[in-house]
Amino acid sequence: MSITPFQQACYDLLVQVPTGRVTTYADIARALGSKAYRAVGSAMKHNPHPIIVPCHRVVNSDGRLGQYAFGAAQKQALLMAEGVQVVDGKIVEFDRLRFYF
DNA sequence: CTCATGACTTTTT
DNA sequence: AAAAAAGCCATGA
């Protein structure tokens, strides 16, 4: 499987996000000095190690969950299992749980 | 090289 | 407030 440098950079940042915290596609892109938020989503989709790389902790900039390779329902279940409260598809206290690089 | 596409975001209706 | 349009950029064909 081939992983591009961009994808690898995304994963390297993502593993820094602690359990019970979240980050956004835009934040990752910004941390990489770019605005490729869509490409970040693509990178997550191609995540080679779903367990090592916590791609379920990456959400939309407005606090909504967004998509997930194994289904949005699974993403929400994983987050809630980590203590993240989700109501009506949005993260509660989003600004507080957000991890800042 | 050019073209279309998407786990997105911001601006404008 | 809610929906539509426009903008963004890495990736694969």
Side-chain angles (χ1 to χ4, degrees):
Chain A
M1 300 295 291
S2 63
I3 296 306
T4 69
F6 178 80
Q7 293 173 341
Q8 188 59 60
C10 290
Y11 306 144
D12 287 346
L13 280 177
L14 191 48
V15 294
Q16 299 179 67
V17 180
T19 300
R21 304 284 305 277
V22 297
T23 188
T24 72
Y25 298 97
D27 277 354
I28 291 177
R30 188 163 51 78
L32 293 179
S34 175
K35 297 169 202 133
Y37 11 73
R38 305 195 78 174
V40 173
S42 240
M44 297 304 99
K45 180 167 68 173
H46 299 123
N47 176 11
H49 303 292
I51 306 303
I52 302 174
V53 180
C55 48
H56 57 280
R57 295 183 193 147
V58 186
V59 302
N60 292 4
S61 65
D62 61 356
R64 286 191 176 79
L65 294 195
Q67 295 306 302
Y68 189 60
F70 299 94
Q74 184 61 46
K75 186 170 185 175
Q76 174 170 334
L78 284 167
L79 286 172
M80 294 191 77
E82 296 185 346
V84 178
Q85 298 183 350
V86 179
V87 174
D88 199 35
K90 307 178 203 86
I91 292 180
V92 179
E93 300 285 357
F94 174 56
D95 290 340
R96 186 176 65 77
L97 294 177
R98 192 174 171 183
F99 177 79
Y100 293 90
F101 295 102

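Values in this document were obtained by computation on a predicted structure and should not be read as measured data. Here is how names work: the chains are called A, B, and so on, in the same order as the sequence lines, proteins then strands, and each is numbered from 1.
At B:dA7, none of the side-chain N or O atoms of A:N60 fall inside 4.0 Å of OP1 or OP2 (strictly under the cut-off). For C:dC8, neither phosphate oxygen OP1 nor OP2 lies less than 4.0 angstrom from any side-chain nitrogen or oxygen of A:K35. Within the 4.0 Å cut-off from OP1 or OP2 of C:dC9, not a single side-chain nitrogen or oxygen of A:S42 is found.
Distance CE (A:M44) to P (B:dG6): 18 Å, rounded to an integer number of Å. Between A:I28 atom CD1 and C:dC9 atom P the separation is 16 Å, expressed in whole Å. In this structure, CZ of A:R38 is placed 13 Å from P of B:dT10, rounded to the nearest angstrom. Atom CZ in A:R64 sits about 10 Å away from atom C1' in C:dA2, given to the nearest Å. Following rounding to the nearest Å, A:L32 (CG) and B:dT9 (P) show an atom-to-atom distance of 14 Å. In this structure, the CZ atom of A:R30 is 15 Å from the P atom of C:dC9, given to the nearest Å. For the pair A:D62 CG and B:dT11 P, the interatomic distance rounds to 14 Å; values are reported in whole Å.
Nearest to the side-chain atoms of A:T24 among the listed nucleotides C:dA10, B:dT9, B:dA7 stands B:dT9. Taking the side chain of A:K45 as heavy atoms from C-beta on, and the options B:dC8, B:dG6, C:dA10, the nearest nucleotide is B:dG6. Of the candidate nucleotides C:dT11, B:dA7, C:dG7, C:dT11 has the atom nearest to the side chain of A:Q7.
For the pair A:R21 (side chain) and A:R98 (backbone), a donor-acceptor distance under 3.5 Å is present.
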Legend entry - Trace of the side-chain contact (heavy atoms from CB on, under 4.5 Å) decision for A:T19 with A:R57: CA-CA 8 Å; A:T19 300; A:R57 295 183 193 147; 3.2 Å; yes
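Atom CZ of A:F70 has 12 or fewer neighbouring heavy atoms from other residues, nucleotides or ligands inside a 6.0 Å radius. The number of heavy atoms from other shown groups lying within 6.0 Å of CD (A:Q85) does not exceed 12.
At a threshold of 4.0 angstrom between heavy atoms, the contacts of A:A69 include nucleobase atoms, whether or not backbone atoms are also involved. The residue A:F6 sits close only to the backbone: its heavy atoms come under 4.0 Å of sugar-phosphate atoms, none of a base.
In terms of position on DNA chain C, the residue among A:H46 and A:Y37 whose nearest nucleotide sits closer to the 5' end is A:Y37.
Tested against A:Y68, the residues A:H56, A:K45, A:M44 include a single side chain to side chain contact (heavy atoms under 4.5 Å, CB included) partner, A:H56.
A donor-acceptor contact under 3.5 angstrom links the side-chain atoms of A:Y25 to the base of B:dA7.
Of all nucleotides present, only C:dA4 satisfies the Watson-Crick or G-U wobble test against B:dT11, with each distance under 3.5 Å.
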